[in-house]
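Data first, discussion second: the structure below is written as structure tokens.
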Amino acid sequence: MLGSGIIKGLAETGRNFVGSYFDPERMTTVEYPEQRLAPKENTRQFPFLVFDGEAALAGLRCVACQICEKECPPQCIYIEKSREKKPDHLGKPQFHPAIFDIDISVCMSCQICVEVCPFDAIKMDTEFELSTSDRFGGLLMHKDLLARPNSHFLKVHPTDAGVIDARRAEERARLEAKARLDSEAKAKEAPPAA
Amino acid sequence: MMVTQRSSDEWDRPAPVAGSYAFVVGDDPEDPGSLLEVSMGPQHPSTHGVFRMDVVLDGETVVKLKPVFGYLHRNHEKIAENISYLGSMPYTDRLDYFCSLTNNWAYALAVEKLAGISVPERAEYLRVILSELTRLQNHVCLAGFLAQDMGASGTPLMYGFREREKILDLFESLTGARMMCNYMRFGGCRCDTPPGWLDEARAVVDSFPRFLHEFENLLSSNEILMSRTQGIGVLGKDLAVGAGITGPCLRAAGVDYDIRKVDGYGIYPRFQFRVPLGEHGDTYDRYMMRILEMHESLGILKQALDGIPEGPIIDPKAKLRGFRPKAGESYGRIEAPKGELGFYLISDGSPSPYRYRVRPPSLVNLTVLEDLCVGHNVADTVIILGSIDIVLGEVDR
Amino acid sequence: METPQQIRDRIVGAVAGLQVECLPNGAPAGVPSLLVGRSCFREVAIFLRDDPQLRLDYCSNVTGVDWPERTEKFKVRRQVGEVEKDVEESRVIPGCLEVVYHLYSMSLKHGPLVIRVRTGDRSADVSVPSLTPVWRACELQEREVFDLFGVHFDGHPDLRRILMWDGFVDHPMRRDYVEPDDYDYEPTPHDHVLDRALARAKPGEAGCGSGAR
Ligand code: SF4
Ligand code: SF4
């Protein structure tokens, strides 16, 4: 019969309409910003720099190797190396960034900087409410704005951060064990010489 | 009146004027003022982006139609020729921004052919799962937009978007982004699935048929939809093959050509699925192709989710940085939701491709737009364009 | 499907005097391609489309490649005075524009066969026969090659710019294309990043910075 298809369709619309008041499956709207969905663990927005310890700029893991700067497809990272070196978590002297800027008006959240960084120093944040009234200066993030403690990393990407923390602790433990062995060996050698 | 019945002589319309390329308005010697030139777009809600059609109308009937491209041109190919192979991967997301994962796959496939990289089993399964999910969400949006173009404002589109949202949530929890996924790498995928992801995907796949049923109830037998689409924009077999039309538009014309079957790239030969074919090649068939393909995609997804093995996700030999394939060239193509998406790469042994070319299905499918539209009403051009399924990020690159 | 070499031999066997050459491809498992002379390009294309064994009825991809003039250095063994020595010589390879077509068969479901054609040089002698009369699929893609590379297709029904606007003069996909500096320009804080990348750019260096701007 002509029109039966339309009636069938209208019945479907009716079912959906009524369902949108009762059926949890059809009540999909979330009233942002009053309500929020919990961010997913893998979500990525813009990069941040991880630091260890209390002081943000002193504890940055970044060693200014500039790999991320070179690999970033839209070229939105700008790094300047420090003059002097200071020890990293393993005690090895390393450079640190004197300037580390990311222009988030250009950044396309591709995560390539995170993938190529060999020092686990740059990670993706889940923060997305970054609008500002100054679209030039306000979107150029300097290193003090980019620095986030490791606890923040643990909060937003627990699995990833857990793996990295374990690896770093292991590296440190291995180094300490080696240092202890070395000093013991030295101690053994020392008495006859004295 | 029976709307489903059809015969070709019902549609009395002038033969398509192919090959008349000069664009002169008012060239009817009898009545110089009878033709009207209308510029549809680039800011027109029905053009699905910034696309323009210069249409010459005789009353309501389209006499000539010229597509105008380039409003979204950013020379993607030039950018890619100046950056590393890896650096282009996030840019491919932005070609057909509805289907970033299939774009990733096509590019990864071309590079893998160029450098001879193999892909581990689990990554192959994930690629199939992700690209079939992409196909589902592309087709569901297309059907919604098509109904929107016909004047069914909102309702079917919103139903489609509601389902798409579930798939995008899956993408987000796996790849970190909803649309710009940037997930595949040469020799595999970027990261393994988070715990429970496969079960979530299974739940989405299991609930999808119910939605498809609902959608079909809503639209497929709707008399208004049938009378607006049947017999409109008929694409013949020979024209379709000659003009290089691919994807659902080609199969709606009755040509059995699906690259998943023909090339059997990835691990597609392992899955059982049928290739739906149309008979008439009109807008209704193109719409139905999408619905039928979604059913087949669900079948593939079920098989892939059941068969996915444990194992590494990326070839350990694949390099992320300092990737320099040997001099040579390769062409990798896949069956993207819109048709054949191909990447043609020439390497000269340097870290960036010497030539990087995208073969965009949307652009080539627009070759026949004029042939399809001539003789129909101006309101039908909107539906015909909608049924071809274009994304301007890919047309203009 | 036959190998490109067999197809080439068959074409040359069928009609004597056609210039068809088989070019190697360095990629693993890469298929060789056929370089066809300009004068017989369309005949070869029609042969490939209509030959009952090939039936390459579907032209998938059309693209241009720019090969600027380059000097190739190579070593030859030469008699220098008394002794035989390796001498380095160089030879100039003239530049050209190349158009590459990827052909498949929808009816026989095989492919691809890659055919290519070259222009005489990069400035004056830039026309090649259009294949749009053979495969309609080339229509928009040849227009694109015309627009971005500046190859002129003889016999194309509608050869206009497609992606760039009509008043545009240069061809952006050529290797030596220089961006005009007259576009609407707005300073951004990103500028100093790009300037630095430009200053550091060395050809052949890995990474994305190598070719910025
Ligand atoms: S996320 Fe991508 S675009 Fe953004 S800074 Fe990192 S590499 Fe650059
Ligand atoms: S963030 Fe990582 S890759 Fe970038 S400069 Fe610092 S250490 Fe190097």
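Sequence lines set the chain letters: A, B, ... in the order given, protein chains first and strands last, and positions in each chain run from 1. Side-chain atoms are counted along with the backbone in the values below, which use heavy atoms only and exclude waters and symmetry mates. Source: prediction; values computed, not measured.
Using the six-membered ring where Trp is involved, C:Tyr104 and B:Tyr331 have ring planes that are tilted, between 30° and 60° apart.
In this structure, C:Arg136 pairs ionically with B:Asp371, as a charged nitrogen and a carboxylate oxygen lie closer than 4.0 Å. Salt-bridge check for B:Arg355 with C:Glu98: failed, with every basic side-chain N at 4.0 Å or more from each acidic carboxylate O.
Distance alone, capped at 3.5 Å, is enough to place a donor-acceptor pair between the C:Arg175 side chain and the B:Tyr354 backbone. A donor-acceptor contact shorter than 3.5 Å links the side chain of B:Lys78 to the backbone of C:Arg174. Judged by distance alone, the side chain of C:Asn25 and the main-chain N or O of B:Glu329 form a donor-acceptor pair under 3.5 Å.
Using a 4.5 Å heavy-atom cutoff, the side chains of C:Met106 and B:Val262 are not in contact. Contact of the B:Glu81 side chain with the C:Met173 side chain is registered, since non-hydrogen atoms from C-beta on lie closer than 4.5 Å. Counting heavy atoms from C-beta outward, B:Val364 and C:Glu139 have side chains that stay 4.5 Å or more apart. Between C:Glu144 and B:Leu363 the shortest side-chain heavy-atom distance falls below 4.5 Å.
At a 4.5 Å heavy-atom cutoff, the contact between B:Lys113 and chain C is made by backbone atoms alone. The contact between B:Val255 and chain C is made entirely by side chain atoms (from C-beta outward), counting heavy-atom distances below 4.5 Å. Both the backbone and the side chain of C:Pro172 come within less than 4.5 Å of a heavy atom of chain B. The part of B:Leu250 that comes within reach of chain C is its side chain, from C-beta onward, which places non-hydrogen atoms under 4.5 angstrom from that chain. Looking at B:Asp396, both its backbone and its side chain come within 4.5 Å of chain C, counting heavy atoms on both sides. Heavy atoms closer than 4.5 Å to chain C are found nowhere in B:Leu72, neither backbone nor side chain. In this structure, chain B has a heavy atom under 4.5 Å from the side chain of C:Val114, while its backbone stays farther away. Only the side chain of B:Thr246 has a heavy atom closer than 4.5 Å to any heavy atom of chain C. Heavy-atom distances place no part of C:Arg49 under 4.5 Å from chain B, backbone and side chain included. Neither the backbone nor the side chain of B:Tyr85 comes within less than 4.5 Å of any heavy atom in chain C.
Most heavy-atom pairs under 4.5 Å with chain C: of the set B:Asn365, B:Leu86, B:Val68, B:Asp256, this distinction falls to B:Asp256. When C:Leu163, C:Asp66, C:Thr63 are compared by the number of non-hydrogen pairs under 4.5 Å with chain B, C:Leu163 comes out ahead. Highest contact tally toward chain B, considering only C:His102, C:Arg161, C:Gln141, is held by C:His102 [criterion: heavy-atom pairs under 4.5 Å]. Interface check for chain B: of the options C:Val62, C:Val31, C:Leu148, the most heavy-atom pairs under 4.5 Å are formed by C:Val62. Per-residue counts of heavy-atom pairs under 4.5 Å with chain C were compared for B:Lys326, B:Arg333, B:Glu77; the largest is that of B:Arg333. Between chain B and the options C:Cys138, C:Ser60, C:Cys59, C:Pro112, heavy-atom pairs under 4.5 Å are most frequent for C:Ser60.
The number of heavy-atom neighbours closer than 6.0 Å to CG of B:Asp238, taken from other residues, nucleotides and ligands shown, is 12 or below. When the shell of 6.0 Å around CZ of B:Arg74 is examined, it contains more than 12 heavy atoms from other residues, nucleotides or ligands.
In this structure, C:Tyr58 OH and B:Ile245 CD1 are separated by 9.0 Å, a value rounded to the nearest 0.5 Å. B:His73 contributes atom NE2, which lies 7.0 Å from atom CG of C:Asp147 (distance to the nearest 0.5 angstrom).
Stacking of C:Arg143 on the aromatic ring of B:Phe69 is not recorded, the 6.0 Å distance cut-off and the 45° axial limit not both being met.
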